[in-house]
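What you see is a predicted model, and the numbers here were worked out from it, not measured in a lab. To find a chain, count down the sequence lines: A is the first, B the second, and so on, and within it residues start at 1.
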Amino acid sequence: MSEQVKQSYDTIDESAWPLLKSERSWGQRELWIVLLVAASATWCYIIGEYVGYYLDLKMGFAAMTAGSMIGMLLVTLAVVPTATRYGIDSIAASKPQFGNRGWIINVFLQYVSIIGWNSLLLIFFAKSVTEFLNTIGVATEGSGSIIVPVATAVACVIVYLILLGGATGVERVSKILFFFIVGVGLWMIYLLLTEESQALAAAKPAYASGSLLWDYTTGVEIGIVSLLSWWPYIGAMVREAPNAHTATLPAMLGMGLPVPLLSVIGLAAILVLQTSDPSMWLTQLGGPVSGAVALLFVIAANFGTAVIGVYASAVGLKHIPIMGRASWRMTLLIALAPVAVVGIVLPDLFFNSFGSFLAFIGVFFAPLVAIQITDYFLLRRQRVSIRALYDPSPDSAYGFWGGFNPAAIAAMVAGFFTYIYLLDPLTYVSNSPYEYLTASLPTAVVGGVVYYLVTKLVVQPSKRGGY
Amino acid sequence: MSETTLPPELERRIKELEDPANQGSEFTAMDWVWLMLLGVIGPGILLIWGWPS
């Protein structure tokens, strides 16, 4: 049997093919900026809001930051070594574990995850535009129903145009937005801590469960799952770096740390102002002029993250054969269209389901990262076949059975049920030992152990998987 | 042995990357120290600090 693997692209970073070492020119500085811009967006405010439902400022900050750094460690270990060794994205890096057809599961997860996060960005974006226009007197109260869909559509068009330039567009826009994000973030923290310091000291979380331990663990869990969702993003970025060393600190500090630091804004705001959305309180606390300028920065900052998210999603889609043959323009459209639909048609429904969306991330990405870490470090001893990654035939090293690895599927299923048992994603009802261990960490452990056992007992004795 | 025909450009890339000299290197010992500090020890200290005494 002979198969032809084709891809259509204008520049190599618009494809899912591996980047050569000579093409991976991003140093720590570039990577740091791009990853920081990718992670720092208005979604941090809603992450902080959810932590603020259960914890006060000090406990919330500690739990959220600890959880975020643990989640970032898992994502870094899962993706960075393979992505930087061979210049490949997160999807390609998962082929040795899921098989040369099974990786489609991860494309689906990546697609849904990025749609979710980018939809959130666009909803915040449109609200900020509405509030900005109200502040400068261009729009009137109640005109949001017109401005929101128009602003969302305009944002999608701008993201599309920027990404016609591939990763170059990502890097350029990141360098510009870096200062906006850091500057306005620091200003908002300053504003909240100075204007509302007394209220913050006395503030009590609105939905505290009565068990301090449960609330604290839930803060950690929210931090972990928020950062696990960087799995789809990170590969497409770190593959532009020449080695794992270049990517380590930018990943941990550039992509991991800014989320809890910026989430403090949402945490503090929900505790004292009962809303995490800065468009609702920036002009109130900062005054009309400063508030309007800050709103402009918030609007601009959202673009950076949306651009990077859609780029990562488009690169992931390129692995699908029919998408591999599609033009970069068409791939971008397919990556962007669902975001536009959710942002324009279902903004409130999605916004109100954010907690369940976060749990969805944990349910699937916790076992996924554990599978990759177990496979790469324990079973493959840090070596994969770059040829097999791009060989879709059944006799490829990663052909397994029909292109699917039963070890990965068993581990995902075991992880799924472990998570559901520990924490119901819809109701947030938990079972012990959730309050001591979180839901994501045991899920990751179960996923990793099941993957290891099935590989040792079934896959390796069958001489499958290229071990 | 697989009979998949790869496009010449992809084939060229794979051939080059099959040589370990053209691959990116792994985490260094110092990277592992940072990873453990930032992803395990740091969070542990933060959680102790954040818990009400």
Taking the six-membered ring of B/Trp51, is NZ or CZ of A/Lys58 closer than 6.0 Å to its centre and within 45° of its axis?
no
Top contributor to chain B contacts, counting heavy-atom pairs under 4.5 Å, from [options]:
{"options": "A/Leu212, A/Leu77, A/Asp56", "result": "A/Leu212"}
{"options": "A/Met72, A/Met252, A/Arg387", "result": "A/Arg387"}
{"options": "A/His245, A/Met69, A/Arg24", "result": "A/His245"}

Can you tell me if [X] uses its side chain to pair, donor with acceptor, with the backbone of [Y] under 3.5 Å?
{"X": "A/Arg85", "Y": "B/Gln23", "result": "no"}
{"X": "A/Lys21", "Y": "B/Leu17", "result": "no"}
{"X": "A/Tyr216", "Y": "B/Leu47", "result": "yes"}

Distance (rounded to the nearest 0.5 Å) between B/Phe27 CZ and A/Gln382 CD
9.0 Å
So, taking the atom named CG in B/Asn22 and the one named CD1 in A/Ile386, what distance separates them when rounded to the nearest 0.5 Å?
11.5 Å
Answer yes or no: are there more than 12 heavy-atom neighbours, outside B/Met36 itself, under 6.0 Å from its atom CE?
yes
Has B/Lys15 got more than 12 heavy atoms of other residues, nucleotides or ligands less than 6.0 Å from its NZ?
no
Verdict with reasoning, B/Ile14 to A/Trp17, per side-chain contact (heavy atoms from CB on, under 4.5 Å)
CA-CA 9 Å; B/Ile14 288 174; A/Trp17 288 355; over 6 Å; no
Could you tell me which portion of [X] (side chain, backbone, both or neither) has an atom closer than 4.5 angstrom to a non-hydrogen atom of chain A?
{"X": "B/Ala29", "result": "neither"}
{"X": "B/Asp31", "result": "both"}
{"X": "B/Trp34", "result": "side chain"}
{"X": "B/Glu16", "result": "side chain"}

Search all heavy atoms of B/Ser25 against all heavy atoms of A/Asn243 and return the closest pair with its distance.
OG-CB, 3.4 Å
Please report the shortest heavy-atom distance between B/Gly50 and A/Ala62, naming the atom on each side.
CA-CB, 3.6 Å
Side chain, backbone, both or neither: which part of A/Leu389 has a non-hydrogen atom closer than 4.5 Å to chain B?
neither
Checking heavy atoms, do the side chain of A/Leu213, its backbone, both or neither come under 4.5 Å from chain B?
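For A/Leu213, heavy atoms of backbone and side chain both lie under 4.5 Å from chain B.
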Does a side-chain heavy-atom distance below 4.5 Å link A/Met64 with B/Leu46?
no
So, applying side chain to side chain contact (heavy atoms under 4.5 Å, CB included) with B/Leu38, which one of A/Thr76, A/Thr248, A/Leu73, A/Leu249 is it?
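With B/Leu38 as partner, A/Thr76, A/Thr248, A/Leu73, A/Leu249 yield a single side chain to side chain contact (heavy atoms under 4.5 Å, CB included), made by A/Leu249.
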Working for side-chain contact (heavy atoms from CB on, under 4.5 Å), residues B/Arg13 and A/Tyr390:
CA-CA 11 Å; B/Arg13 290 174 173 276; A/Tyr390 292 91; over 6 Å; no
Give the member of B/Pro20, B/Gly42, B/Pro52, B/Gly44 that has the highest number of heavy-atom pairs under 4.5 Å with chain A.
B/Pro52
